[in-house]
Amino acid sequence: MNGKTGVEIHLDNVSKRYPGQKSAAVDEVTMTIPAGETVVFVGPSGCGKTTT
């Protein structure tokens, strides 16, 4: 056992478009976060961090 707890998180082509908006807030995000890892999204206001 490697000492890590939790589960892997996998996002596969995740998109979110808000009603009335031409472009997607999040467009085709794919990533895998291994169990036990900490991930931080960094970017300017309005870039889709919270939506993702």
Side-chain angles (χ1 to χ4, degrees):
M1 185 168 200
N2 62 13
K4 292 184 180 182
T5 60
V7 297
E8 177 179 274
I9 298 171
H10 182 75
L11 304 179
D12 189 22
N13 292 317
V14 173
S15 295
K16 170 64 179 173
R17 184 179 314 271
Y18 288 103
Q21 299 296 311
K22 286 186 175 184
S23 47
V26 173
D27 194 21
E28 297 184 14
V29 173
T30 298
M31 70 176 74
T32 299
I33 303 168
E37 293 294 318
T38 300
V39 174
V40 178
F41 293 126
V42 178
S45 178
C47 73
K49 299 179 302 289
T50 300
T51 301
T52 301

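Worth saying up front: this structure is predicted, and the values here are computed from it rather than measured.
A distance-only check finds a donor-acceptor pair linking the side chain of Lys49 to the backbone of Pro44 [under 3.5 Å]. No side-chain donor-acceptor contact under 3.5 Å links Arg17 to the backbone of Ala25.
Looking at every heavy atom in both residues, Ala35 comes nearest to Gly6 through CB-O, 3.7 Å.
Ser15 has its side chain out of reach of Val26: every pair of non-hydrogen atoms, C-beta onward, lies at least 4.5 Å apart. In this structure, the side chains of Leu11 and Ile33 stay at 4.5 Å or more apart for every pair of heavy atoms.
Atoms CE and CG, from Met31 and Asp12 in turn, are 11.5 Å apart once rounded to the nearest 0.5 Å. Taken to the nearest 0.5 Å, the CD1 atom of Ile9 stands 10.0 Å off from the OG1 atom of Thr32. Separating the CZ atom in Phe41 from the OG1 atom in Thr50 is a distance of 10.0 Å, to the nearest 0.5 Å.
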For Lys16 and Val14: C-alpha separation, side-chain torsions, deciding distance, then whether side-chain contact (heavy atoms from CB on, under 4.5 Å) applies. CA-CA 7 Å; Lys16 170 64 179 173; Val14 173; 6.0 Å; no

